[in-house]
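Letters A, B, ... are given to chains in the order of the sequence lines, protein chains preceding strands, and every chain is numbered from 1. Both backbone and side-chain heavy atoms feed into the values below; hydrogens, waters and symmetry mates do not.
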Amino acid sequence: MSALLLSPTSHIPLKPEAECIPSLDKCLDKEELKQVHARMIKTGLILDAIPASRLLVGLCGASDAGSLTYALMVFERIQNPNTFMWNTMIRSLSNGSNPEEAILLYSQMLHDAVPHNSYTFPFLLKACANLPSAAAETQQIHCHIIKTGFALEACTTNSLLHVYAKSGSILSASQLFDSIPCRDTVSWNSMINGYARSGKIEMARELFDQMENKNIISWTTMIAGYVENCLCKEALELFREMQAMDIEPDTVALASVLTACAHLGALDQGRWIHAYVKKKQIGLDPVLRCVLMDMFAKCGELDEALAVFRNTKERNVCMWTAMIAGFAAHGQGREALDLFADMERTGIKPNGITFTGVLTACSYAGMVEEGKSIFERIAKDCNMSPSVEHYGCMVDLLGRAGLLKEAEEMIKTMPVKPNAAVWGALLDACRVHRNFELGRRVGKILMDLEPKQSGRYVQLAGILAAEGCWDEAAAVRNLMKERGAAKLPGCSSISLSGCVHEFVAGDRSHRQTEEIYLEWDNILRRLKKGGYVPLTENLLLDLGEEEEKETAIHCHSEKLAIAFGFITTKPGATIRIVKNLRVCSDCHVVSKLISKVYSRKIIMRDRTRFHVFMNGQCSCGDYW
DNA sequence: CTAGGGTTAG
């Protein structure tokens with residue numbers, strides 16, 4: 001550091017082009033900027049506010065983290081930095097990896113009594129927006145904004161509104177929104193985003209409908225809001241409305257729509273977007289590539305996902321993670337691990353989500369040893385503390401493999417508090433490996449932890465019923481009713497030419513209901529001729545007669561969706577179904593038989609993974 | 001030199 005101060009007396013020969021101060025307009029790298037700095041010190045130009053500012057801007061604009069540190073050092077040595085210089089530093093820190101430093105710098109600015117200008121608060125508020133939780137700071141800054149009179153400036157107030165909206169402080173956001181004298185499009189958009197983020201999607205839509213000057217961001221905000229609230233069907237509908245109004249979607253809008261397609265398994269619509277992007281020659285930026293790839297993977301088209309992946313030169317961590325997760329969901333553990341190794345060779349650092357994907361892959365493929373060693377690397381090599389999700393993956397991995405004791409031990413010794421998902425993984429393992437005693441205990445824990453989650457009661461009741469403890473099982477079901485735990489209905493959807501058809505068990509709401517049930521009867525008859533016997537053992541007990549049980553499983557949502565697929569697609573065409581819960585054993589058997597008897601490929605994505613039924617086999621190897 | 005929308009898991 002001192003060398004820099006001494007540099008005026010040094011005798012390092014300068015390159016001829018460094019004789020004059022290079023223009024900072026073009027991007028210089030850190031070394032070049034250091035030379036400029038040295039030259040400025042030599043000539044005394046560093047004392048001049050304008051060139052000094054330009055140097056700071058140049059350093060802050062360089063992409064490497066070291067430049068920012070260097071910029072801070074230069075800044076600290078400037079005698080009385082002006083507002084512009086403070087702003088520049090605050091802006092840079094706000095977007096860095098430690099946004100709280102921007103707030104610290106701001107308090108220094110206050111301490112030095114440097115006046116604010118119109119740019120100060122928007123930069124500073126960016127730091128609040130980038131922090132996971134800065135509610136107290138935001139409130140204080142809000143006070144400063146009022147005191148200094150900047151509340152009258154649209155940019156400042158909109159920035160503040162954005163922070164409140166983004167952090168879910170919906171009350172503060174709406175109060176502020178109401179107080180703004182002339183709300184502009186930006187204010188409205190932020191408010192819509194705020195409502196959507198706090199789950200008040202109807203409020204968001206209300207605002208959206210009231211809005212007079214919607215722009216593409218308004219539309220995208222609303223579409224993304226639907227996606228975030230798991231209302232992907234609505235997201236696609238709104239997108240269609242947008243197109244009907246001849247509003248051209250941009251990259252961001254398309255990315256949101258693709259995300260919706262991914263969740264819905266709406267391959268046709270996803271492909272349409274892909275074609276649209278090509279036709280309009282819209283550039284595939286990293287995010288768009290990633291969601292496109294993810295859409296293919298989530299629609300069961302791993303090959304197409306891989307094609308997008310391979311076509312991408314600079315892959316970021318999201319891209320790698322999404323591809324790994326794609327393999328994991330298809331039970332292709334080896335491929336996922338190979339990809340993970342490639343990723344590390346490329347020098348891309350895995351994050352917590354990457355590890356979730358890799359561990360899931362190990363779990364579904366029964367790769368216990370590999371999973372254990374990856375898990376240990378989270379802390380050892382990557383210096384991260386495993387999250388509760390990672391422990392959940394491990395419990396799942398051990399539990400599936402039948403290592404129930406080890407799984408339980410992991411829960412007992414894990415340093416983070418086990419959540420319901422962790423216990424749920426163990427409970428599921430108890431079901432699969434028929435460990436009733438442990439299952440009972442875990443079930444009790446879960447019902448205390450999540451008294452409103454019907455799935456847990458159903459899970460436990462199933463375990464008890466399988467053991468023949470009908471009374472106990474009935475008691476669990478009654479408890480569920482007493483506690484008012486609403487049963488999440490199983491829902492399967494199938495998407496055809498841009499339209500998503502949803503079915504719940506026993507559904508008769510579809511306009512082709514009669515046809516669907518007739519088709520199902522036909523399928524059933526043919527399967528029974530081939531020797532199919534309905535698997536009613538997993539059914540819950542309130543249905544006494546075997547016949548009733550059969551009726552109940554025969555209107556399972558995935559069966560209705562398959563029947564609908566049969567009457568709407570050509571013989572031999574692949575049927576794609578997305579289910580919100582796990583697929584039941586009987587539906588699994590039936591799907592395998594159908595794939596053989598009718599030579600149909602059925603791709604079924606359930607809550608956690610893919611089942612690809614072909615020639616009487618399932619890609620999960622009957623282990624799920 | 002300022003504000004608003006999009007990516008990987010659960």
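- Donor-acceptor pairing under 3.5 Å, judged by distance alone, is present between the side chain of A/Thr220 and the base of B/dG5.
- If you take CG of A/Leu288 and P of B/dG6, they are 14 Å apart, rounded to a whole angstrom.
- The aromatic ring of A/Tyr119 sits over the base of B/dC1, with ring centres less than 5.5 Å apart and planes inclined by under 30°.
- For the pair A/Lys214 and A/Glu241, the salt-bridge criterion is not met [side-chain N within less than 4.0 Å of a carboxylate O].
- Between B/dG4 and A/Asn193, no contact under 4.0 Å exists linking OP1 or OP2 to a side-chain N or O.
- Nearest nucleotide to the A/Val287 side chain, out of B/dC1, B/dG5, B/dG6: B/dG6.
- Here the nucleotide nearest the side chain of A/Ala255, chosen from B/dT2, B/dG6, B/dG5, is B/dG6.
- Between A/His162 and B/dG4 there is a side-chain polar atom (N or O) within less than 4.0 angstrom of OP1 or OP2.
- In this entry the distance linking NZ of A/Lys214 with P of B/dG5 reads 19 Å, nearest Å.
- Counting any heavy atom pair closer than 4.0 Å across all strands shown, A/Ile216 reaches a base atom.
- The side chain of A/Ala154 approaches B/dA3 more closely than any other nucleotide in the set B/dT8, B/dG5, B/dA3.
- Looking at heavy-atom distances under 4.0 Å, A/Thr185 makes contact with a base.
- Evaluation of atom-type donor-acceptor distances gives a pair under 3.5 Å for the side chain of A/Asp250 against the base of B/dG5.
- Residue A/Asn419 is classed as having no contact, given no heavy-atom separation below 4.0 Å to the nucleic acid.
- Closest to the A/Asn158 side chain, of the nucleotides B/dA9, B/dA3, B/dG5, is B/dA3.
- Going from atom CE of A/Met89 over to atom P of B/dC1 covers 17 Å, rounded to whole Å.
- For B/dG6, the base has a donor-acceptor partner in the side chain of A/Asp285 [N/O atoms by modelled type, under 3.5 angstrom].
- No donor-acceptor pair closer than 3.5 Å links the side chain of A/Ser94 to the backbone N or O of A/Ala102.
- Between A/Phe327 atom CZ and B/dA9 atom C1' there is a gap of 17 Å when expressed in whole angstrom units.
- Distance A/Leu124 CG to B/dC1 P: 20 Å, rounded to the nearest Å.
- Of the candidate nucleotides B/dA3, B/dT7, B/dT8, B/dT8 has the atom nearest to the side chain of A/Asn351.
- Between A/Ile90 atom CD1 and B/dC1 atom P there is a gap of 17 Å when expressed in whole angstrom units.
- Counting heavy-atom neighbours within 6.0 Å of A/Asp112 CG, excluding the residue itself, gives a total above 12.
- Nearest to the side-chain atoms of A/Arg91 among the listed nucleotides B/dT7, B/dG5, B/dC1 stands B/dC1.
- You'll find that the side chain of A/Ala421 is closest to B/dG10, out of B/dG10, B/dT8, B/dG4.
- A straight line from CG of A/Asp606 to P of B/dG10 spans 12 Å, rounded to a whole angstrom.
- Electrostatic pairing of A/Arg289 and A/Asp285 does not count as a salt bridge here, judged by no charged N lying under 4.0 Å from a carboxylate O.
- Using a 4.0 Å cut-off, some side-chain N or O of A/Lys298 falls inside it from OP1 or OP2 of B/dA9.
- Taking the side chain of A/Thr360 as heavy atoms from C-beta on, and the options B/dG10, B/dG6, B/dT2, the nearest nucleotide is B/dG10.
- More than 12 non-hydrogen atoms from other residues, nucleotides or ligands lie less than 6.0 angstrom from CD of A/Gln210.
- Here the nucleotide nearest the side chain of A/Cys155, chosen from B/dG6, B/dA3, B/dA9, is B/dA3.
- Across all strands, A/Thr251 comes closer than 4.0 Å to base atoms (heavy-atom distances).
- Residue A/Lys126 places at least one side-chain N or O under 4.0 Å from the OP1 or OP2 atom of B/dG4.
- Screening A/Gln332, A/Met604, A/Arg605 for a side chain to side chain contact (heavy atoms under 4.5 Å, CB included) with A/Phe610, the sole residue that qualifies is A/Arg605.
- Using a 4.0 Å heavy-atom criterion, one finds that A/Ser190 contacts the sugar-phosphate atoms exclusively.
- Residue contacts for A/Ser159: at a heavy-atom cut-off of 4.0 Å it reaches the sugar-phosphate backbone alone, with no base atom in range.
- When the nucleotides B/dT8, B/dT7, B/dG6 are ranked by their closest atom to the side chain of A/Asn316, B/dT7 comes out on top.
- Looking at A/Asn215, its side chain does come within 3.5 Å of a backbone N or O of A/Ser218 through a donor-acceptor pair.
- As rounded to whole Å, 12 Å separates atom P of B/dA3 from atom CG of A/Asn130.
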